[in-house]
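Accompanying notes for the structure given below.
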Number of protein chains: 2
Amino acid sequence: MTTITDVARAAGVSPATVSRVFNGGRVTPERAARVRRAAAELGFEPNRVAQSLRKQRGSVIGLLIPDIENPFFTSLARGVEDAAQQTGLSVVLCNTDEDIDKERRYLGIALAEQMAGVIVAAASRTQTDLSPLAARGMPAVAVDRRPRGALVDAVLVDNQYGGEAATEHLLRARYRRIACVTGPEGASTSEERLAGYRSALRDALADGTLTPEDGDDPLTAYVRYADFKVGGGRAAMTDLLSMERPPDAVFVANNLMAVGALEVLREAGVTPPEFGVLSFGGVPWAGLVRPSLTTVELPSYELGFTAAKLLQERIAGSDKALQTVVLRTGLSVRDSTGGPERLPAPSPPG
Amino acid sequence: MTTITDVARAAGVSPATVSRVFNGGRVTPERAARVRRAAAELGFEPNRVAQSLRKQRGSVIGLLIPDIENPFFTSLARGVEDAAQQTGLSVVLCNTDEDIDKERRYLGIALAEQMAGVIVAAASRTQTDLSPLAARGMPAVAVDRRPRGALVDAVLVDNQYGGEAATEHLLRARYRRIACVTGPEGASTSEERLAGYRSALRDALADGTLTPEDGDDPLTAYVRYADFKVGGGRAAMTDLLSMERPPDAVFVANNLMAVGALEVLREAGVTPPEFGVLSFGGVPWAGLVRPSLTTVELPSYELGFTAAKLLQERIAGSDKALQTVVLRTGLSVRDSTGGPERLPAPSPPG
DNA sequence: GTTCTCTTTGAAATCGATTTCAGATCTGGG
DNA sequence: CCCAGATCTGAAATCGATTTCAAAGAGAAC
């Protein structure tokens, strides 16, 4: 491997000069040219490990995500990658598997490897602890989920608004017993989406669109907590269908659980849009799902891109006040929420 | 940050002794205990950057994959991660996007960061160049795709056998005009799967199962090359359907293209199993696709796991002869290849 | 008691870059 | 022609670990 010393020798200068050539120090043009030529001839590339050690900061940023198999996060990862590439940082992806210990381990690695910074989609709102990073001055940005009390920039989506819009849409489509399958208790995303759902129901109760049935609390009876995975969606949906008075629509608070819910519905012979289904977050290969699925669209790529930009500012030394950027969701209305009445079949094409 | 020197001072020993305690040198038990206690109290964690610099080798392995959004590769990545975790290595994921330049850049980073080794699913069989790694003694393992002439261990699937089995299955199901949508020319996986398809057709022609129609070469007429992505599958399928004498079944050489093909078929009102569809590699959320899809099952997780194990051996210094491990595929027969005749509908459950 | 061996220890070199500091060179002004 | 100030340059320190080497100490054999 050719080192800076080799280049220096070849160019007849000192290593310090070589370093200056590549890091923008003052060097006479003639010498600089000699150094560059020598470096090119020898195929010199600075050893990043040595650089990191000396500068006390690497050129890699860590991206901790809870589920690499969820396309939402892979898309987010691409956003981060694209933004990072623009400034020569590289991204390493760490899959925490929604597991607090794995997450802690990866945070430790980030510190030990002296990464330039980290972007974290926290495994838990209450347990994820970013303070060791802060203690060592490593910049961090929370994305998608905001861990409690962490003093970091955050890029989030407007979960409450999205949940509200989704539920309102179902109400407008004349569904009246709308269930909500949300994520784990304690995850900020779960709670906020659920809050949106409840807020929409409360409004509907207030203006008479929805009339309370006796017995259960209408804001709670149809709510189920699950785990943001396909299996959890299946279990929750099965449970809802077995109710004495089952729902006629469901708002599922994440894409994978929506897949699970759809599977269960299909197996039970219950099909949208008679039974309304609305997913928070796009489902992959949505084109294959019939009827097509109404979704709350999440700006996953932008989430990642924005987070990376923010992180870069911090790495560059910005000490602006902490920011929280909230990105808006959008509602893509498709066939699965057409309304509970059986509609006339569309005439076949051609 | 607490360094080895701090610990040494706290324990009243030299840094060398502290290092020995953690790296298995000979130290008297009493001292070792003192060192451990001091380290624990100070929360000492060795600085990996310094370690890497000194040892000339890091504790991170790079995994270069061409498409992070293909669940085949994310599953493979998990295999790598699980295997790596067992020996304290961490994995960083690099998405090359089937792009030779991005791939080259990441290989450069792997070298500059002194990674312990790399696992590569090559972006191109002909252009991917692993020789810089070899030149610097960095261990590498090829996975899924074998770059031409690279002197590295490889873990592959038996593509030809899988393609053959798939095509034979379609023939047995009495499809007679079987198309093949394969990947880019030049990718080893494309070529081998296509070769399997052709070999099965040749056998069928030889034993009379299949009779050549006049005009086109039966081994070529129904073959289309595409790009291993959804869009490519769509285009190829559209093209096939527009033929004067369209096929009655298709063997699609990767999962994403199968999704594209299914979309086109659905839009055209052509449905399996009258039109047979067989995908090489599982389709995500297969449960939502109706009719269910017959697939060649790929051991993606095992592929990654095995590759990581192999790499670890090399990192540990093994100089065994180069190995190529070939893992078998399996055929999961489902509804989409039930045969071209319209079958009586199954009686409803219950 | 002396010598020899074996274990344990710490001082110092090392990895490859960056950066400080002080000296050398150059410039322009007086 | 000399000097102040600006500009360049290289020697050496530094980052935090590992590892070599030599010395000190312990123990055994005679």
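So that the names make sense, note that chain A is the first sequence line, chain B the second, and so on, each numbered from 1.
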Side-chain donor or acceptor of B:Asn23 paired with backbone N/O of B:Arg20 under 3.5 Å: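 Checked: no pair found.
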Test item: side-chain donor near acceptor, [X] and [Y], under 3.5 Å:
{"X": "B:Asp82", "Y": "B:Tyr301", "result": "yes"}
{"X": "B:Ser52", "Y": "B:Arg57", "result": "no"}
{"X": "B:Thr128", "Y": "B:Glu103", "result": "yes"}

Distance, rounded to the nearest Å, where [X] contributes [atom1] and [N] contributes [atom2]:
{"X": "A:Glu30", "N": "C:dC26", "atom1": "CD", "atom2": "P", "result": "13 Å"}
{"X": "B:Leu53", "N": "C:dC15", "atom1": "CG", "atom2": "P", "result": "9 Å"}
{"X": "B:Leu42", "N": "D:dG16", "atom1": "CG", "atom2": "C1'", "result": "15 Å"}

Sugar-phosphate only, base, or nothing, as touched by B:Val49 at under 4.0 Å among non-hydrogen atoms: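 Since no nucleic acid heavy atom lies under 4.0 Å of B:Val49, the category is nothing.
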Ionic contact status for [Y] with [X], cut-off 4.0 Å:
{"X": "A:Arg104", "Y": "A:Asp129", "result": "no"}
{"X": "B:Lys309", "Y": "B:Glu313", "result": "no"}
{"X": "A:Glu30", "Y": "A:Arg36", "result": "no"}
{"X": "A:Asp97", "Y": "B:Arg78", "result": "yes"}

End-to-end axis angle, where each axis spans five pairs of the helix from C:dG1-D:dC30 to C:dG30-D:dC1, to 10°: 50°
Pairs: protein N or O with nucleotides 17-21 of chain D N or O, under 3.5 Å:
unit_1	atom_1	unit_2	atom_2	d
D:dA17	OP1	B:Asn47	N	2.9
D:dA17	OP2	B:Ile4	N	2.2
D:dT18	OP1	B:Asn23	ND2	3.1
D:dT18	OP1	B:Gln51	NE2	3.1
D:dT18	OP2	B:Ser19	OG	2.8
D:dT18	OP2	B:Asn23	ND2	3.3
D:dT18	O2	B:Arg54	NH1	2.5
D:dT19	O4'	B:Arg54	NH2	3.4

Presence of A:Arg26 side-chain N/O under 4.0 Å of D:dT7 phosphate oxygens OP1/OP2: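 No.
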Phosphate OP1/OP2 of D:dC15 contacted by A:Ser52 side-chain N/O (<4.0 Å): no
Of the listed nucleotides C:dT9, D:dG10, D:dG16, the one nearest the side chain of B:Arg31: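 Between C:dT9, D:dG10, D:dG16, the one nearest the side chain of B:Arg31 would be C:dT9.
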Pair A:Leu303-A:Phe72, side chain to side chain contact (heavy atoms under 4.5 Å, CB included): steps then yes or no: CA-CA 10 Å; A:Leu303 225 45; A:Phe72 169 76; 3.6 Å; yes
DNA chain C: 5'-proximal contact among B:Ser14 and B:Gln56 (nearest heavy atom):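 So the residue in question is B:Ser14.
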